[in-house]
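Working notes, structure below.
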Amino acid sequence: MNPLTLLAQLGRMVLVTLAEVGRASIFAWSAITHIFRPPYYPRELAISLLQIGWLSLPVVGMTAIFTGGALALQIYSGGARFDAEAVVPQIVAIGIVRELGPVLVGLMIAARVTSSIAAEIATMKVTEQIDALVTLSTNPMQYLVAPRVLAALITVPLLVGIGDIIGIAGGYTVSVQSLGFNSATYLKNTVDFLEPLDIISSLVKGTVFGGISAVMGCYFGMNSGRGAQGVGRATKGSVEAAAVLILAANFLLTGVFFSV
Amino acid sequence: MIQLENVQKAFGNNRVLRGMTLEIKSGTSMVIIGGSGTGKSVALKCILGLIQPDSGKILVDGKDASTGDRDAFLAKFGMLFQGGALFDSLPVWQNVAFRLLRGSLKRPQAEAREIAIEKLRRVGLKAEVADLFPAELSGGMQKRVGLARAIAADPEIIFFDEPTTGLDPIMAGVINELIREIVVEMGATAMTITHDMTSVRAIADNIAMLHDGVIQWTGPVSKMDDSGDPYLDQFINGRAEGPIEAVR
Ligand SMILES: Nc1ncnc2c1ncn2[C@@H]1O[C@H](COP(=O)(O)OP(=O)(O)OP(=O)(O)O)[C@@H](O)[C@H]1O
Ligand SMILES: [Mg+2]
């Protein structure tokens, strides 16, 4: 193939991607500004809080408890190679609170919430329900998007906080039950070791990841193509985008919080 | 009054509207006919601003539809979508009363529900339907709920996209009468898309035929049968032979 056509294709791909990023950013900004603009829809917000927050608790809890337990086992056996088994409580606390808690909760939210938002809104778009909303003098950004984004911004950091606690509890249970740690020492080591910044970073990550999850679900849903295929594409695209953005944002935020 | 002047709209290479010009006087009932896929639904959506036309002018009561206060503009309209477009997360009565439960037309919930049930009755649905969800209804029932929603806030201008498609003949008759009533008694302006010739004769003051992206013929319904227009003749008599190709 002519190297120039290859270059042109590459250039086109970059441009298309950049244009998409631009559109998504404008959408995200618009979504956030619509949260503060009346009319407000408290009923929609309540439903979203329930859907995104409360109903995500089981999956978040499961993810956290198993991860915390596995982490304790890994650190114990890995630490044994250089006689450092005793650091399990500290490493579990740091690992869960700073990194695994927010990232895993974020990814589970992307899987559970982003996909369902995207599929629901895309179906509404395909069946002209979004057009119907507009003709009924209701702004879809206010009625559909803003409550979901706000609910995610509120509940996902809480879910991350709960996930952190459950994850540490998982590590604690495994350590005390089968690795022979003393319960009181384990807890004391965890509490003494964690610093406020660890916890703040965890919750900030949760807020950002929650925002990414909801915005991506809404963005792909609102821009869905036609038909069942359009809904499928929107759903897939939204989860991919949310997951990648969460991991990228995690990297950036970790740098911001802990690189100095 | 609604005026379309040389409205054009293309989707990629598909030139749907190619200079549509049409005038609908206030308080009259206009019926748009035309082959499947000629852009009738697109034309309605252009007037409502759901689709941005590429060029041309759309005036509602002399004012440009694309500028000015969108909320005030849309508050004048009711629209029945071809596919119903009911909100499947809300029960039937909340669909019908959607406008009355929020925004500038908000009323107490009990009153909104009463109005919804009254409108449901007018489209031939019993009060029991009110608490069902749209997915629990048949296609024809969904269509009628969509109709009830379109007329719920007593709009000045109502668009009906195929109101009788999928209904039994008796129910179609009920709906035709309802549309006529809304125009005659409430003085609303109606724009109806339909393929049903009985319906055309029952509800139209004027008809317009859309073909190849332009209005091929328009005039009062009384002149429809001796228009002398070969396209219109072929269409209203449902003939396979004629100037309109069967494969499009
Ligand atoms: N959002 C859209 N994107 C791309 N093409 C569209 C869109 N909406 C409509 N079209 C195209 O415009 C053309 C006209 O569609 P429209 O729905 O207005 O037809 P119609 O006259 O209402 O037909 P029918 O009587 O079957 O309902 C079709 O070719 C359709 O594929
Ligand atoms: Mg149509």
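In what follows, chains carry the letters A, B, and so on, assigned in the order in which the sequence lines appear, proteins first and then strands, with residues in each chain numbered from 1. The basis for the numbers below is simple: all heavy atoms, side chains too, and nothing from hydrogens, waters or symmetry mates.
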Identify the heavy atoms of [X] and [Y] that sit nearest to each other, and give their distance.
{"X": "B:Arg99", "Y": "A:Thr135", "answer": "NH2-O, 3.0 Å"}
{"X": "B:Ala75", "Y": "A:Ser137", "answer": "N-OG, 3.9 Å"}
{"X": "A:Gln129", "Y": "B:Leu86", "answer": "CD-O, 3.1 Å"}

Look up atom [atom1] in [X] and atom [atom2] in [Y], then write down how far apart they are to the nearest 0.5 Å.
{"X": "A:Leu133", "Y": "B:Leu50", "atom1": "CG", "atom2": "CG", "value": "10.5 Å"}
{"X": "A:Leu136", "Y": "B:Met79", "atom1": "CG", "atom2": "CE", "value": "11.0 Å"}
{"X": "B:Phe81", "Y": "A:Thr127", "atom1": "CZ", "atom2": "OG1", "value": "10.5 Å"}

*Close side-chain approach of A:Glu128 and B:Lys45, heavy atoms under 4.5 Å*: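 They are in side-chain contact.
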
*Hey, are the side chains of A:Asn139 and B:Arg70 touching, using non-hydrogen atoms and a 4.5 Å cut-off?*
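With C-beta onward as the side chain, the pair stays apart.
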
*chain B heavy atoms under 4.5 Å from A:Glu44: which part of the residue, side chain, backbone, both or neither?*
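For A:Glu44, the side chain is the part near chain B, not the backbone.
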
*Quick one: what part of A:Ile47 sits under 4.5 Å from any heavy atom of chain B, side chain, backbone, both or neither?*
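Contact with chain B involves no heavy atom of A:Ile47 at all.
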
*Identify which of B:Leu48, B:Leu74, B:Ile51 forms the greatest number of heavy-atom pairs closer than 4.5 Å to chain A.*
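Sorted descending by pairs with chain A, the first entry is B:Leu74.
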
*Relative to chain A, which of B:Phe98, B:Phe73, B:Phe159 shows the most heavy atom pairs under 4.5 Å?*
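Looking at each of B:Phe98, B:Phe73, B:Phe159 in turn, B:Phe98 comes out on top.
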
Within a 6.0 Å radius of atom [atom1] on [X], are there more than 12 heavy atoms belonging to other residues, nucleotides or ligands?
{"X": "B:Glu136", "atom1": "CD", "result": "yes"}
{"X": "A:Phe251", "atom1": "CZ", "result": "no"}
{"X": "A:Glu20", "atom1": "CD", "result": "yes"}
{"X": "A:Met62", "atom1": "CE", "result": "no"}
{"X": "B:Glu114", "atom1": "CD", "result": "no"}

*Identify which part of B:Leu80 has an atom lying under 4.5 Å from any heavy atom of chain A, answering side chain, backbone, both or neither.*
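When you check distances to chain A, no heavy atom of B:Leu80 falls under 4.5 Å.
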
_Ignoring hydrogens and geometry beyond distance, is a side-chain donor-acceptor pair present between A:Thr138 and B:Arg102 at under 3.5 Å?_
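No, no side-chain donor-acceptor pair sits under 3.5 Å.
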
